[in-house]
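Structure first, then comments.
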Amino acid sequence: MRRIRAAVAETPGAPFTVRDLDLGEPRSDEVLVRMTAAGVCHTDLRMRDTWPGRLTPMVFGHEGVGRVEAVGAQVRGVAPGDRVCLTFASCGGCEQCTTGHPAYCLHAQTLNFSGGRADGTTPLARDGAPVHGGFFGQSSFATYAVVRERGVVPVPADLPDEVAAPLGCSGQTGAGTVLNRLRPEPGASLVVTGAGGVGLSAVMAAVAVGCDPVVAVDPVPARRALAVELGAKAALPPGDGLVRALRDLTGGGAHHVVETTGRPEVARQAVAALRPRGELALVGLGGEVTFEVMPLLAKGVRVHGVIEGDSTPGRFLPDLIGLWRRGLFPLETLVTTFPFEEIGAAVEAMEGGGVVKPVLVFD
């Protein structure tokens with residue numbers, strides 16, 4: 001067992017508290033990673049607040065980056081000393097994984113959200129008692145993590161930690177929704193509702209492939225200003241008149257809308273802002289959304305549910321790094337760093353809207 005520090009949610013909705021835990025050694029198909037940075041995502045907070053009590057205490061975190069410390073006997077893709085980005089877990093053998101859609105792995109629930117490994121064990125413990133983990137296959141709010149080999153992607157040495165960390169979820173979710181699922185033609189209009197880490201990643205990807213106009217919607221003025229800085233032609237606040245303004249900006253309606261807020265009323269506005277045969281990508285976690293059927297039929301709207309950008313991380317993350325090298329995906333503009341032990345301050349800053357993407361850095 002290895003002594004580590006981890007941010008633990010003791011009960012559903014409880015604040016993260018940094019504690020000493022014990023971490024077991026990697027199994028034959030697992031990798032031990034010493035964390036150097038981890039992004040904080042709204043998904044961590046939403047899932048913490050709704051997490052089953054029977055699976056607490058729990059360690060969250062799913063945007064990790066670090067160095068490989070040890071590997072299991074069956075691991076061939078990485079070696080000790082390699083720098084890696086952590087991402088979601090998938091089995092590799094089901095129909096969805098073998099056809100290039102591992103985000104829809106048939107075993108995703110067990111591998112990412114069961115509070116441990118597929119066999120019900122967890123590598124984490126405190127005073128001999130199990131602590132749940134394996135969130136998105138990693139639980140990267142900790143100084144070390146044990147991850148299945150399929151959940152690590154090698155990254156180059158010159159990619160800063162604060163850029164590499166968000167690639168594992170928010171970067172690939174926003175960009176992948178545009179590049180992998182919607183695949184807009186150059187000159188197509190694209191609207192993004194919600195200018196957080198996922199939404200602004202979608203903005204950057206849309207700008208990179210020549211969408212015009214790209215329009216962002218967000219209530220926070222600083223985030224709207226950042227969207228314009230990143231290439232959006234306009235950034236609007238929500239409220240009365242939004243749909244009309246979006247339709248005017250996009251010449252009668254958007255070709256595509258990426259909805260990241262998870263708010264039912266925003267999703268309905270998104271449908272109203274589309275042109276005939278437009279496409280809506282639902283990305284944000286939220287409650288039940290109801291639509292009137294007739295407008296969907298009359299306009300021929302296509303609705304996509306998208307997880308993790310429908311990406312194969314081992315192929316897609318290098319593509320995003322390539323865009324970053326060309327200055328087309330400047331993730332660093334979204335990031336504010338915090339020491340790991342100040343995770344509470346990072347969460348407060350994000351919830352208050354003053355920080356888009358907090359990234360925890362480890363000593």
Side-chain angles (χ1 to χ4, degrees), residues 4 6 23-39 41 43-44 47 58-94 96-98 100-124 132-155 159 161 164-173 176 307-321:
I4 70 170
L23 180 69
E25 294 302 309
R27 293 182 175 179
S28 62
D29 62 344
E30 294 177 336
V31 178
L32 174 67
V33 179
R34 177 177 60 81
M35 307 308 304
T36 54
C41 180
T43 301
D44 293 303
M47 295 296 284
M58 176 71 186
V59 178
F60 292 91
H62 65 289
E63 289 186 343
V65 63
R67 291 196 178 276
V68 175
E69 291 276 305
V71 301
Q74 297 178 9
V75 173
R76 298 290 181 267
V78 293
D82 287 351
R83 191 157 174 267
V84 293
C85 178
L86 309 189
T87 187
F88 62 89
S90 58
C91 75
C94 72
Q96 297 302 319
C97 287
T98 57
H101 303 281
Y104 305 96
C105 173
L106 299 182
H107 304 284
Q109 180 68 30
T110 299
L111 295 174
N112 293 283
F113 309 115
S114 66
R117 297 183 175 101
D119 64 2
T121 63
T122 171
L124 296 165
H132 294 280
F135 187 60
F136 276 85
Q138 52 185 278
S139 289
S140 53
F141 288 166
T143 51
Y144 288 83
V146 167
V147 188
R148 297 184 73 203
E149 182 180 9
R150 280 182 60 83
V152 300
V153 178
V155 293
L159 185 70
D161 286 339
L167 290 177
C169 182
S170 60
Q172 77 174 343
T173 296
I307 297 174
E308 295 287 352
D310 196 2
S311 72
T312 299
R315 293 200 296 266
F316 188 55
L317 296 194
D319 291 343
L320 291 184
I321 293 169

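Side chains included, hydrogens not; waters and symmetry mates left out as well; all remaining heavy atoms used. Remember, it's a predicted structure, so these values are computed and weren't measured experimentally.
Applying the side-chain hydrogen bond (donor to acceptor under 3.5 Å, both in side chains) rule to S139 yields no partners; only residues at least two apart in sequence or on another chain are considered. Remark: D44 engages no residue in a salt bridge (Lys or Arg N to Asp or Glu O under 4.0 Å) (not counting sequence neighbours). For the salt bridge (Lys or Arg N to Asp or Glu O under 4.0 Å) test, no residue two or more places apart in sequence or in another chain qualifies with E308. Evaluation of the ring-ring contact (aromatic ring centres under 6.0 Å, His included) rule for F136 yields H62, F113 as partners, not counting sequence neighbours. Applying the side-chain hydrogen bond (donor to acceptor under 3.5 Å, both in side chains) criterion to Y104, with sequence neighbours excluded, gives R181. Not counting sequence neighbours, the partners of C105 by the side-chain contact (heavy atoms from CB on, under 4.5 Å) test are S90, C91, C94, C97, H107, A108, L111. With sequence neighbours excluded, the residues forming a side-chain contact (heavy atoms from CB on, under 4.5 Å) with I321 are V155, P156, L159, L167, R325, listed by chain and number. The side-chain contact (heavy atoms from CB on, under 4.5 Å) test applied to T98 returns no partner, not counting sequence neighbours.
Using a 4.5 Å heavy-atom cutoff, the side chains of V78 and V84 are in contact. Contact check for P123 versus L23: side-chain heavy atoms found under the 4.5 Å cut-off.
The two atoms that bring A89 and G137 nearest to each other are CB-CA, 3.8 Å, heavy atoms only. Between V75 and E30, the shortest heavy-atom distance links the atoms CG2-O, 3.5 Å. Between F141 and A38, the shortest heavy-atom contact is CD2-CB, 4.4 Å. Considering every non-hydrogen atom in both T121 and D119, the closest pair reads OG1-OD1, 2.7 Å. When every heavy atom of A145 is checked against every heavy atom of L86, the shortest pair comes out as CB-CD1, 4.5 Å. Annotation for G24 and V146: closest pair O-CG2, 3.5 Å, computed over non-hydrogen atoms.
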Before you tell me yes or no, could you show the steps for F60 and F135 under ring pair (Phe, Tyr, Trp, His ring centres under 6.0 Å), namely the whole-Å CA-CA distance, both residues' side-chain angles and the distance that decides it to 0.1 Å? CA-CA 6 Å; F60 292 91; F135 187 60; 4.9 Å; yes
Before giving the answer on side chain to side chain contact (heavy atoms under 4.5 Å, CB included), spell out for L124 and H132 the whole-Å C-alpha distance, their side-chain angles and the decisive distance to 0.1 Å. CA-CA 7 Å; L124 296 165; H132 294 280; over 6 Å; no
Please step through side chain to side chain contact (heavy atoms under 4.5 Å, CB included) for the pair M58 and M47, ending with a clear verdict. CA-CA 11 Å; M58 176 71 186; M47 295 296 284; over 6 Å; no
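At distances below 3.5 Å, not a single donor-acceptor pair connects side-chain atoms of Q172 with backbone N or O atoms of S311. T312 places a side-chain N or O within 3.5 Å of a backbone atom of G100 that can act as its donor or acceptor partner. Remark: the backbone N or O of I4 is not paired with any side-chain donor or acceptor of T143 at under 3.5 angstrom.
The salt bridge (Lys or Arg N to Asp or Glu O under 4.0 Å) pairs that include a residue from residues 71-89 are R83-D161, where partners are two or more places apart or lie in different chains. Evaluation of the salt bridge (Lys or Arg N to Asp or Glu O under 4.0 Å) test over residues 60-72, restricted to residues two or more places apart or in two chains, returns R34-E69, E63-K357. The list of ring pair (Phe, Tyr, Trp, His ring centres under 6.0 Å) pairs with a residue in residues 64-87, not counting sequence neighbours, is empty. Within the structure, every pair that satisfies the salt bridge (Lys or Arg N to Asp or Glu O under 4.0 Å) test and touches residues 137-152, not counting sequence neighbours, is listed here: D29-R148.
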